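Scroll down for the structure; my scribbles are underneath it.
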Amino acid sequence: MASPSADTAHPTAAAVPVAGPLLEVRDLSMHFIKRAGLRAKIVSNVRAVEGVDLTIHEGETVGLVGETGCGKSTLGRCIVRAYEPTSGQIHYRRRDGQVIDAAKLRRSQLKPYQGEVRLVFQDPYSSLNPRMNLLQIISEPLLLHGMTDRVEREQRVADLLTRVGLRPEFMRRYPHAFSGGQRQRVSIARALALDPRLVIADEAVSALDVSVRAQILNLLEDLRAEAGLTYLMITHDLGVVDYLCQRVAVMYLGRIVEFGTTEEVYGNPRHPYTETLLAAIPKPDPRQRGQRTAVTARGELPDPGDAPPGCPFSSRCPYATDLCRNEMPPLRETSTGHLAACHRTDELSLRPA
Amino acid sequence: MTVTIPDGTPPRTEPVTMSATDPRRRDQASQWRLVWWRFRKHKLAMAGAIVLATVYLLAIFADFVAPSTLDQYDTRYTYAAPQTVHVYDDGDWGFYTHPYTMQRDPDTFEEKFAVDESTKIALGFFVHGKPYEMFGFIASDIHLFGPVHAGDPFYPLGANAQGQDVLSRVLHGARISMSIGLIGVLLSLLLGLLLGGISGYYGGAVDTVIQRVIEFLTSIPTIPLWMGLAAAVPPTWSSVQTYLAITVILSLLAWTDLARQVRGRFLAMRHEDFVTASILDGAGPMRVMWRHMLPSFTSHIIASVTLAVPAMILAETTLSFLGLGLQYPAVSWGVLLQEAQNLRAITTAPWLVLAPGIAVVVAVLSFNFVGDGLRDAADPYRQ
Amino acid sequence: MSDVILQVQDLQTHYLLRDGVTRAVDGVSFDVRRGRTLCVVGESGCGKSATAHSILQLVDEPGKIVGGRILLHRTHGEQAGQVVDLAALPARGKQMREIRGREIAMVFQEPMTSLSPVHTVGDQVMEAIRLHLPLPEKQIHERAVDLLDRVRIPNPRRHMDSYTFQLSGGMRQRVSLAAALSCEPALLIADEPTTALDVTTQAQILDLFAELQQELDMAVMFITHDLGVVASIADEVVVMYLGQVAEQTDVDSLFHRPAHPYTRALLSSVPKPGTRTRLAPIRGGVPSPYDRPSGCAFHPRCDAMMPGVCDRGPVPLVDLDAGRAARCMLYTEEVARDGEPVR
């Protein structure tokens, strides 16, 4: 399985639709610059996202994995334009086929875009205003996007609640009446209110109990099938990605280090960091216990403020050479549709999941 | 990939778990209802609220409730001691009290009052007394309680140097003392919300400037500043004008705390997920502020406002006591205390100090209890 | 001497709240043995943390241990070899203080809550030693360095002077582990120690647990909600649901022949690596502890629910083979006789 020839096309690569991508992120960077004092002197500059390229096709589910602080949530929030990216482009193909650059939209022009690209938050408790009932929460985007008729809004909210598996009679209840899983359903209903095309789920199931998490994963999958949604699943849970996503991007210190179909990335990882991540997943079977011995990477994620000059992973990578430590490897195609940012990707034979 | 959907897909609807007490009502209860339910459970706060309601009612209808009017005096009863009100009259129910006879101590020439137990002054409800004009337009001479024959001496809490009824003066004084707190706090609330909101929402240089102003204001010693500002009020102004000026002075200094709280809340709220969610829903800054951010701390603001009122009451009392605030003939608790500011009053007529003093303490305590209760109940979503 | 370090017998910890009594721990029994890892697994609100806190008498008001026994077989100090009932000891008493940290140590989910931000790493580990061992200062220092080295902190001498906020989450967890191990406890209770960590760090910490346990021959009680973690480190497993033990088993049987329908449902809620078969989640959510269902607490969500059997009366914990037990009507004699035999 190691170092396959570059033209080995994985059978699942055909599953990627031929139409132009729904979303194409190009060279996107997000730097958090903290200024202080009256003269606004720069006191810190955190490069949370640095030169990220990412394409998402209509109808697919793309996973974005990485550890805490790798910039995956920031990237998600840049895409929904909760943040204004420092540089780069977000090409989005609208329903009418026109491609716009969402990174350049001004605040006043964002509304139509933000109606089509929606975010589901991680924490089902802090993402719902406790002072509004479900009807008010879910109908807010409707109202703000011009559905002024109250009866119509109420009807729509009832439909949405049914779709996410809640009883429409609950619409006058407040979030405090609901459990974590039910609140996450409300969050999803709010995201669906405007018939979005792309839903970015930022750790949407991470805070939930095992049994409830499975319900929400199934719900997301059902909604995708019903409404032809496209998902970007931001998560640290590699099991969730394996279950839901056709393609997966692995992020490390603000950069994407590997991108390909889930089968390819899990079955034939081409970046040492991916190998480390996959090796770290606890196997859900005690009989495989001996197999999770090789934790390849040393140490932990360095502070994004002082990343090594070369490959960001070189400080922990067991295969790092002087070249790795001094020169940044570009993200390049190692086989069709499988990209990795590693100088040694062709010579290494990395262990699959 | 294949997603197999088995036939026996469990229904997606979850049963909602409900809490033990009145689940349906609880689930549909708005923030204010939850706050009220929690406040209700706070015994001391409820007692405080009832006392405050009573005090405000008495203050509003002081003309009617007080046995005598403010311009009523009788020099024969200078420093008269409090009379006992008897309820039981020789086998019959009825209110009465005894009049005084004045004697002069032959050695010291000091006036002394002795209760003349041989005669009775009949007391009753809804008696005719000195005429007054309530709120300036309701003319009447009916008093809630007093001597049946107008002109009989009635001093349930004693009399002052002019022979005026202390009870009536305390009741009238409640008007200014209790309202200066409210009006002053409302003014400082307005300033605090505005400046704190601007500071927190816009941040940057505006924030820095406002914060420095707050720091400057809080670093000034209060009493000298009051003295300076109060001295600037022209002596020719009427008592009402002085009163308004004092209120403004107090609130100009009291807004800083609230502004800081509001700013802190705004800063913290800006990054709440539900605020981000509403921005992504398409809400503009005004809607985000008014619909999402402010409601999540209005209850806290109400609590801290309630706790600020007693400070205002005390400030007025202090100012007037020092002779910097209101002056005779205006009547407030501070003015009453200032009148009692001499040795003689404390030795021979302690009621002059005690009556307004206790009134201040009761009002301030009640506000504090209510404020505490509100603060505890303010965030019903905290668990 | 037997291998049993701790025996929890019919433990009951209740919370007396305004809205009623919550039975956080409702008759829980299990043994923890030397050199073995017992995993207590369950969803939020199942009482796994309350059980751990009860053992160390760390239950906060309005919680209270109202019944049962917690028998500790003492191994340290003058009373070595004796058995004490921790549930009967006063929480703030001398004996309990002696046991905490010395014989039973605990690590928490968020190490920052148990570590002080104003003291150096060295100070905190040394303080943990000083509390229980009367050693000269120089030896305490050496022992602390040794402990940091044991939990694989690189450059331990240099890190003695670090502050906890200068360390990453994984390193902090190592420091709190070092402090916990300072007196070589007989039992280590770990309350979700890897939940707040990233996978790669979690893997490192889990490996560390396994190594240390072999080195020190401790008993470990490991609380987690993650079945992957259970599969990696457990010897025995207690599955809890709404304050009760649902199933008690060895780790291999848990994954390969689960007995309780709840255990089975939990296992099928987790995606299997490399497969995309649709998950079969458990219906509904965990009921509020205020209105726990009558009969078997799991019956409203259970696919094997037998009307008239599961929804009334208390369900006994039925002994199965090889020390396994399940609290389920399917295994009671009456049902096994009348209905089809299960397993």
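Per chain, numbering begins at 1; letters A, B, ... match sequence-line order. Only this structure's heavy atoms are used, side chains among them; waters, hydrogens and symmetry mates stay out. Worth saying up front: this structure is predicted, and the values here are computed from it rather than measured.
Atom CD of A/E67 sits about 5.5 Å away from atom OG1 of C/T201, to the nearest 0.5 Å. Atom NZ of A/K283 and atom CZ of C/F255 lie 13.0 Å apart (nearest 0.5 Å).
Side-chain contact between C/L279 and A/R213 is absent, with no heavy-atom pair separated by less than 4.5 Å. Taking the side chain as every heavy atom from C-beta outward, A/H236 and C/V199 never approach each other to under 4.5 Å. The side-chain heavy atoms of A/P286 and C/D252, taken from C-beta on, include a pair separated by under 4.5 Å. For the pair C/R278 and A/D222, the minimum side-chain heavy-atom distance is below 4.5 Å.
For C/Q202, the part lying near chain A is the side chain, with the backbone staying farther off; criterion is any non-hydrogen pair under 4.5 Å. Looking at C/R301, only its side chain comes within 4.5 Å of chain A, counting heavy atoms on both sides.
Looking at C/D198, its side chain does come within 3.5 Å of a backbone N or O of A/T68 through a donor-acceptor pair. A/Y243 contributes no side-chain N or O that, together with a main-chain N or O of C/V270, makes up a donor-acceptor pair within less than 3.5 Å. Here the side chain of A/D242 pairs no donor or acceptor atom with the backbone of C/P271 at under 3.5 angstrom.
For the 3.5 Å distance criterion, the side chains of C/R283 and A/S211 fail to qualify, holding no donor opposite an acceptor.
Between chain C and the options A/V210, A/L217, A/D209, heavy-atom pairs under 4.5 Å are most frequent for A/D209.
Scanning all heavy atoms of the two residues, the minimum distance from A/A214 to C/S269 falls at CB-O, 3.4 Å.
Note on A/D285 versus C/K272: no salt bridge recorded, every NZ/NE/NH1/NH2 to OD/OE distance being 4.0 Å or above.
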